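Since the structure comes first, as structure tokens, the remarks are kept for the end.
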Amino acid sequence: MNFLKTINPYRNIIDRLKNGKSVHREELRMLLETEDNEILEYLRQCADDVRRKIYGNAIYIRGLIEFTNYCKNDCYYCGIRRSNQNAERYRLTGKEILDCCKMGYKLGFRTFVLQGGEDNYYSQEHICDIIKSIRKEFPDCAITMSIGEKTRDFYEAMYEVGANRYLLRHETANEKHYKKLHPKELSLENRKACLFTLKEIGYQVGCGFMVGSPWQTTDTLLDDLEFIQKLQPHMVGIGPFIPHKDTPFGNRQQGSLEMTLRLLSIIRLMNPHVLLPATTALGTIHPTGREQGILWGANVVMPNLSPADVRKKYLLYNNKICTGDEAAECRSCLEKRMQSIGYHIVVDRGDYR
Ligand code: 5AD
Ligand code: FES
């Protein structure tokens, strides 16, 4: 029997992934498609082990400041797309953003993520002024930007005044799939080029995708994994697709918890050092989604630091959690949630190791 166990092809693939050996596309396909729960539990344990060896039971927090929900893009999946007339739009001022950081700092945050729709109201100069003010007040913190596709010049200017990290999900690495999720003015080619440019400039970069987006297949997921191997990002953000009623995908099925968890483990094994958030979307589709995300290999949580009155307006998808809670409540809630599974939140920038 022991002999049979050692030659289980699925375990063998997982072991090779864990040991940094190369694994073929067709073998990854087997991991994405297996319905064997014992194999999946083995995958989870290996991912948890690998993460534990590098990061212990430390969980890093990033304070998310959603500073504008205006967006010039019209992605078919997104609740703040420009065509959504029902979205109540808002913008935060530089002072309001800085106030969020001050409150976050007191709560133990050492990374601030400034995320927004692609909103040209904020010029390069305006954004750089905001970054400068945060950099001046918090020299010990990491500043992460997540404001979409910009020019190299814009990216360089932000880096020069103190931004260190950039999140830009690639959404899907498959050309045909990308076209089905986005209007024609957006291209996968430019998206990828932005990511490589950001990396060249010196940013720590995060890419990522939604799990279970319409028309996603095992093959498009394999393309995502391949792209991640090529880009070698510092972070990978994945969360389930969740329909938003006022979008063209309002009646589509949401992505599954199981597939998101499975992908977290695979990505952890393929990139042992990567920073992997257990996303708000994961917490939205299951009451303990984020905790499960950690147990399957994630090591980051990104609670919201935005002012309470705008929380309900930054709705990329329906039923988003934490929109009624103050930052301090989310902070202590997450602390408890992490402790309940044997992990703890650290006050640390949580740089890529
Ligand atoms: N469901 C889940 N995630 C979504 N995002 C946008 N719309 C949705 C949705 N309906 C994700 C995208 C984007 C990130 C900020 O949020 O991947 O890059
Ligand atoms: Fe926001 Fe629990 S994390 S209330």
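All residue numbers in this chain count up from 1 along the given sequence. Read the numbers this way: they start at 1 and go in the same order the structure lists the ligands and their atoms. All values derive from a computational prediction rather than experimental measurement.
Taking distance alone, with nitrogen or oxygen atoms compared against 3.5 Å, Arg169 approaches ligand 1 more closely than that limit. For Tyr77, a nitrogen or oxygen atom sits less than 3.5 Å from a nitrogen or oxygen atom of ligand 1, counting backbone and side chain alike.
Aromatic ring orientation, His170 versus Phe227: tilted (interplanar angle from 30° to 60°). Using cut-offs of 30° and 60° on the angle between ring planes, the pair His273 and Tyr352 is tilted.
Ranking the protein heavy atoms by distance from atom 10 (N) of ligand 1 puts Ile242 O, 2.7 Å first. The protein non-hydrogen atom at the shortest distance from atom 16 (O) of ligand 1 is Leu316 CD1, 3.3 Å.
Summarising the local packing, CD of Glu38 is surrounded by 12 or fewer heavy atoms from other residues, nucleotides or ligands at distances under 6.0 Å. Atom CD of Glu88 has 12 or fewer neighbouring heavy atoms from other residues, nucleotides or ligands inside a 6.0 Å radius.
Proximity to Phe241 (heavy-atom distance under 4.0 Å) selects the following atoms of ligand 1: 1 (N), 2 (C), 10 (N). Within ligand 1, the atoms closer than 4.0 Å to a non-hydrogen atom of Glu171 are 12 (C), 13 (C), 17 (O), 18 (O), numbered from 1 in the order shown.
With contacts defined as side-chain heavy-atom distances shorter than 4.5 Å, the pair Arg52/Tyr343 qualifies.
Using a 4.0 Å cutoff on heavy atoms, Met210 counts as a contact of ligand 1. The shell of residues lying under 4.0 angstrom from ligand 1, judged by heavy atoms, includes Pro240.
Taking the centre and axis of the six-membered ring of Tyr178, the NZ or CZ atom of Arg191 falls outside the cone set by 45° and 6.0 Å.
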